[in-house]
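Hydrogens, waters and symmetry mates play no part in the numbers below; they use all other heavy atoms, side chains included.
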Amino acid sequence: MLGRRTDLALEAKAIWEEGACGGELKGVETRETEREGFAVTRVDILDGRGARALGKPEGAYVTVELDRLERREKDAFGRAARAVAAELRALLKLKPGESVLVVGLGNRAITPDAVGPLAVGNTLVTRHLVEKLPEHFGSFRPVSALAAGVLGTTGVESGELAAAVAAAVRPARVVAVDALASRSLSRLCRTVQIADTGIVPGSGVGNARAALNKETLGVPVIAVGVPTVVDAATLCADVLAEAGRPGLDPGALGSGGRGVIVTPREIDSQVADISKVIGYGLSLALQEGLTVDDVEMFLS
């Protein structure tokens with residue numbers, strides 16, 4: 001596989017196929033469906049062959065493409081939140097009453113890295129209400145949240161903070177939200193990937209930290225990621241391919257673009273919009289029976 005950087009499983013599969021010259025990708029299954037008018041692609045990495053080919057752990061990777069959200073179509077936000085909620089619910093596989101910890105990864109001060117903290121701010125947190133006011137909130141699922149910050153501002157690894165909080169609140173599941181990298185500008189802030197494999201904070205910008213997964217936290221970890229950046233070398237290789245020069249390895253472009261990350265100029269509004277979709281989607285997935293208007297009311 002060429003050295004194009006991407007955190008999206010469906011893009012990794014496409015890159016493998018581009019370099020395979022008609023070969024068969026074994027150990028990977030793909031299914032395309034639609035949810036609330038948005039395209040949904042599920043990539044299942046079934047065994048070690050698929051994991052080696054795509055460079056990702058075995059598991060399920062569901063991608064919801066929210067292109068209509070940017071076009072501001074009628075009820076696009078509500079449909080996007082419901083679509084994300086439905087796919088989350090399917091991977092979470094929660095029993096009634098089981099608690100969930102939502103961890104927002106990233107640096108709130110750096111816009112392309114702020115998806116996690118902003119999504120936490122748009123998530124309905126209920127653990128304290130269920131415990132202190134059961135007569136009013138006893139039917140709600142206990143949900144707690146953590147905006148973990150980054151090592152440079154807290155002095156503590158986000159994985160260590162998540163592990164400490166998980167040990168204290170003992171959730172049945174952890175949902176980790178983070179920014180990712182894509183190979184394509186057209187996917188930035190318009191795509192949500194949900195995976196049951198956990199997540200490695202910082203991997204999207206080449207600054208990988210300790211993983212958050214079942215092995216490190218003791219419970220299943222569902223990763224929710226949004227691509228907000230494109231590696232410059234990857235972007236150059238793809239632009240050249242579109243111009244009729246396919247097959248160029250980004251490593252062949254030299255050191256000029258190494259370490260350079262590209263993000264759109266509208267990133268502030270795009271990150272704010274997609275973070276709200278994720279937060280509302282989480283709230284709908286975790287609190288059965290609520291509507292988008294209900295979540296809006298509780299968070300206002």
Side-chain angles (χ1 to χ4, degrees), residues 35-36 38 62 64 66 69 75-106 108 114-149 158 161-162 165-166 168-179 189 192-196 199 212 217 219-226 271-300:
R35 180 87 70 175
E36 295 282 347
F38 299 105
V62 178
V64 186
L66 303 175
L69 183 66
D75 193 32
F77 174 80
R79 290 189 291 109
R82 291 192 294 270
V84 170
E87 299 302 334
L88 269 167
R89 198 178 296 118
L91 286 186
L92 281 165
K93 300 176 182 176
L94 287 165
K95 297 177 182 178
E98 286 186 325
S99 65
V100 173
L101 169 64
V102 179
V103 180
L105 301 167
R108 188 187 297 269
V115 171
L118 292 178
V120 164
N122 285 292
T123 301
L124 183 58
V125 177
T126 58
R127 178 174 176 265
H128 58 306
L129 300 173
V130 173
E131 290 183 355
K132 303 299 183 182
L133 298 168
E135 65 276 16
H136 298 299
F137 297 96
S139 62
F140 282 68
R141 182 184 304 281
V143 176
S144 48
L146 167 68
S158 55
L161 283 171
V165 174
V169 303
R170 299 187 178 184
R173 301 283 189 280
V174 172
V175 178
V177 185
D178 200 7
C189 295
V192 177
Q193 177 174 270
I194 307 166
D196 62 4
I199 198 167
L212 275 69
L217 298 186
V219 296
V221 178
I222 302 299
V224 180
V226 175
V271 164
D273 289 346
I274 199 69
S275 299
K276 187 174 181 179
V277 168
I278 293 173
Y280 277 54
L282 274 166
S283 300
L284 295 177
L286 299 177
Q287 308 297 344
E288 191 170 351
L290 290 188
T291 67
V292 170
D293 289 340
D294 293 332
V295 177
E296 183 77 41
M297 178 190 67
F298 280 118
L299 291 178
S300 62

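Taking each heavy atom of S144 and V125 in turn, the nearest pair found is CA-CG1, 4.1 Å. Across all non-hydrogen atoms, the minimal contact from I199 to A176 is CG2-CB, 3.7 Å. Here the shortest heavy-atom pairing between G281 and A85 reads O-CB, 3.3 Å. The two atoms that bring P220 and A172 nearest to each other are CD-O, 3.7 Å, heavy atoms only. Closest non-hydrogen pair, P117 versus G106, comes out as CG-O, 3.7 Å. Counting all heavy atoms, side chain and backbone alike, G149 lies closest to S158 at O-CB, 3.9 Å.
With rounding to the nearest 0.5 angstrom, the CZ atom of R127 is 9.5 Å from the CG atom of L101. Atom-to-atom distance recorded for L91:CG and I194:CD1 is 6.5 Å, nearest 0.5 angstrom.
Sorted by first and then second residue, the side-chain hydrogen bond (donor to acceptor under 3.5 Å, both in side chains) pairs with a member in residues 93-104 form an empty list; sequence neighbours excluded. Sorted by first and then second residue, the salt bridge (charged side-chain N to carboxylate O under 4.0 Å, His left out) pairs involving residues 79-92 (not counting sequence neighbours) are R35-E87, E36-R82, E73-R79, D75-R82.
Each of L92, V120, V84, V177 was evaluated against L282; a single residue qualifies, V177, per the side chain to side chain contact (heavy atoms under 4.5 Å, CB included) test.
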Apply side-chain contact (heavy atoms from CB on, under 4.5 Å) to the pair I222 and L88, showing each step before the final yes or no.
CA-CA 8 Å; I222 302 299; L88 269 167; 4.1 Å; yes
Determine, stepwise, if the pair H136 / L129 fulfils side-chain contact (heavy atoms from CB on, under 4.5 Å).
CA-CA 8 Å; H136 298 299; L129 300 173; over 6 Å; no
Working for side-chain contact (heavy atoms from CB on, under 4.5 Å), residues F137 and E131:
CA-CA 8 Å; F137 297 96; E131 290 183 355; over 6 Å; no
I'd like to know whether N122 forms a side-chain contact (heavy atoms from CB on, under 4.5 Å) with I278, so could you lay out the CA-CA distance, the side-chain angles of the two residues, the decisive distance to 0.1 Å, and finally the verdict.
CA-CA 8 Å; N122 285 292; I278 293 173; over 6 Å; no
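With sequence neighbours excluded, the residues that form a side chain to side chain donor-acceptor pair (under 3.5 Å) with D273 are R72. Partners of V100 according to the side-chain contact (heavy atoms from CB on, under 4.5 Å) rule, which considers only residues two or more places apart in sequence or in another chain, are L94, V102, R141, R173, V175, L286. For V219, the side-chain contact (heavy atoms from CB on, under 4.5 Å) test picks out V174, with sequence neighbours left out.
Here the side chains of L124 and Q287 are in contact, with some heavy-atom distance below 4.5 Å. With a 4.5 Å cut-off on side-chain heavy atoms, V115 and D178 do not count as touching. L212 is listed as a side-chain neighbour of L105, based on a closest heavy-atom distance under 4.5 Å.
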Under 3.5 Å donor-acceptor pairs involving side-chain atoms of residues 291-300, not counting sequence neighbours:
unit_1	atom_1	unit_2	atom_2	d
T291	OG1	D293	N	3.4
T291	OG1	D294	N	3.1
T291	OG1	D294	OD2	3.1
D294	OD2	T291	N	3.0
E296	OE1	Y280	OH	2.7
S300	OG	E296	O	3.3
S300	OG	M297	O	2.8

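Under a 3.5 Å cut-off, the side chain of T126 and the backbone N or O of V143 do form a donor-acceptor pair.
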